[in-house]
Number of protein chains: 2
Amino acid sequence: MTEVTEPAIETVTIDVVLSALADPVRLTFVRALDAAGDWTCGSDVLRETGVTIGKSTLSHHIKVLRDAGLIRTRVDGIRRLVTLRYDEVEQRFPGLLAMLREHGPARARGISSPYTSG
Amino acid sequence: MTEVTEPAIETVTIDVVLSALADPVRLTFVRALDAAGDWTCGSDVLRETGVTIGKSTLSHHIKVLRDAGLIRTRVDGIRRLVTLRYDEVEQRFPGLLAMLREHGPARARGISSPYTSG
DNA sequence: CGAACCGTACGACGCAAATCGAACATTGGA
DNA sequence: TCCAATGTTCGATTTGCGTCGTACGGTTCG
């Protein structure tokens with residue numbers, strides 16, 4: 001039983017989405033996934049963004065984002081890949097992802113090229 | 001010194017806005033102000049929405065919303081009136097208020113007419 | 001001036017959430 | 001089969017935040 005499920009997009013409420021995005025780690029994570037554009041390893045996102053948290057904490061945050069309907073998890077061999085649910089989120093909350101994209105990190109520290117180091 | 005100031009809209013970050021809206025009381029409050037459409041007494045909003053919190057707690061929430069750049073406070077005699085910063089918020093976060101408006105309360109309990117009892 | 005009212009400021013409390021560490025499950029490779 | 005790597009789950013800890021009660025400030029009215 002290695003399947004990972006996420007809620008149907010119609011059942012996603014804005015309350016839960018706002019709570020999910022209200023955490024700095026998760027907000028950074030979502031923005032990184034948005035910049036990546038496709039399936040990405042969560043641990044890699046951590047390194048590229050410079051966020052230092054334990055792996056159990058990362059697992060927790062990913063679960064929160066998944067339960068909030070924002071991301072999807074796929075099993076790929078030994079690791080788990082995650083991706084933003086672009087179309088569905090855009091369908092239910094038009095402009096939300098664009099808003100996060102335009103309003104980048106509060107303080108753009110010297111990030112040369114976004115998430116292409118690996 | 002009874003003036004109440006709010007941050008310039010250009011200095012408002014989405015992080016702070018998301019955190020402000022992530023609380024159920026504040027989200028209800030913002031939606032109520034949106035429905036009201038103009039200057040409203042915070043205590044009245046509480047009664048009309050059925051939210052029961054102490055006045056110090058209300059004061060705290062209003063301050064959070066004001067610091068987040070979402071609302072503005074005006075002194076009116078013995079009381080304080082608040083209002084949504086429609087145009088400015090719309091200018092900086094296009095579609096945000098509309099999103100809150102369309103995605104109404106998670107559970108629409110028997111609310112007959114919105115905020116016109118007083 | 002004094003009383004009543006509205007809101008703020010401050011300290012304290014409690015709970016929910018974030019975090020960590022350890023144990024366990026799963027997969028891939030030697 | 002054994003071991004290394006990845007990620008989840010669980011329990012415990014800590015931190016942050018919502019909440020309240022009280023005290024204080026400002027305003028209106030008598």
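Per chain, numbering begins at 1; letters A, B, ... match sequence-line order.
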Check: To the nearest angstrom, how far is L65(A) atom CG from dA17(C) atom P?
Finding: 15 Å
Margin query: Starting from V16(A) and following side-chain heavy-atom contacts under 4.5 Å between hydrophobic residues (I, L, V, M, F, W, Y), which residues can be reached?
Written below: none
Check: Rounded to the nearest Å, what distance is computed from the CG atom of residue D67(A) to the C1' atom of nucleotide dA17(C)?
Finding: 14 Å
Note to self: Show me the pairs that pass side chain to side chain donor-acceptor pair (under 3.5 Å) and involve residues 89-101 of chain A, at least two apart or across chains.
What the structure shows: D34(A)-R101(A)
Notebook entry, point to check: In whole Å, what is the span from the CG atom of D76(B) to the C1' atom of dT27(D)?
Noted result: 11 Å
Margin query: Between P on dT26(C) and CD on E3(A), what's the gap in Å once rounded to a whole number?
Written below: 14 Å
Next item on the list: Under 4.5 Å between side-chain heavy atoms, chaining through other members, with only Ile, Leu, Val, Met, Phe, Trp and Tyr counted: pull out the rest of the cluster around W39(A), sorted by chain and number.
Entry: L81(A)
Next item on the list: Before accepting this row, confirm whether a basic side-chain N of the pair D76(A)/R80(A) lies closer than 4.0 Å to the acidic partner's carboxylate O.
Entry: no
Notebook entry, point to check: Taking the nucleotide of DNA chain C with the closest heavy atom to each, which residue, T57(A) or G77(A), is nearer the 5' end?
Noted result: T57(A)
Name the pairs: protein N/O against N/O of nucleotides 4-9 of chain C, kept only if under 3.5 Å.
| residue | atom | partner | partner atom | Å |
| --- | --- | --- | --- | --- |
| dG7(C) | OP2 | S43(B) | OG | 2.6 |
| dG7(C) | N7 | K55(B) | NZ | 3.2 |
| dG7(C) | O6 | K55(B) | NZ | 3.4 |
| dT8(C) | OP2 | S59(B) | OG | 2.4 |
| dT8(C) | O5' | S59(B) | OG | 3.1 |

Item checked: For atom CG of D23(B) and atom P of dG16(D), their distance in whole Å -> 18 Å
Check: Can you list the other members of the hydrophobic cluster that holds V64(B), where links are side-chain heavy atoms under 4.5 angstrom apart?
Finding: none
Item checked: Distance, rounded to the nearest Å, where L46(B) contributes CG and dG18(D) contributes C1' -> 14 Å
Checklist line | Gap between atoms NE2 and P, on H61(A) and dT9(D) respectively (whole Å) | finding: 15 Å
Item checked: Closest to the R26(B) side chain, choosing from dA18(C), dT19(D), dG18(D) -> dG18(D)
Checklist line | Sequence neighbours excluded, every pair satisfying ring pair (Phe, Tyr, Trp, His ring centres under 6.0 Å) that has a member inside residues 59-100 of chain A | finding: F93(A)-H103(B)
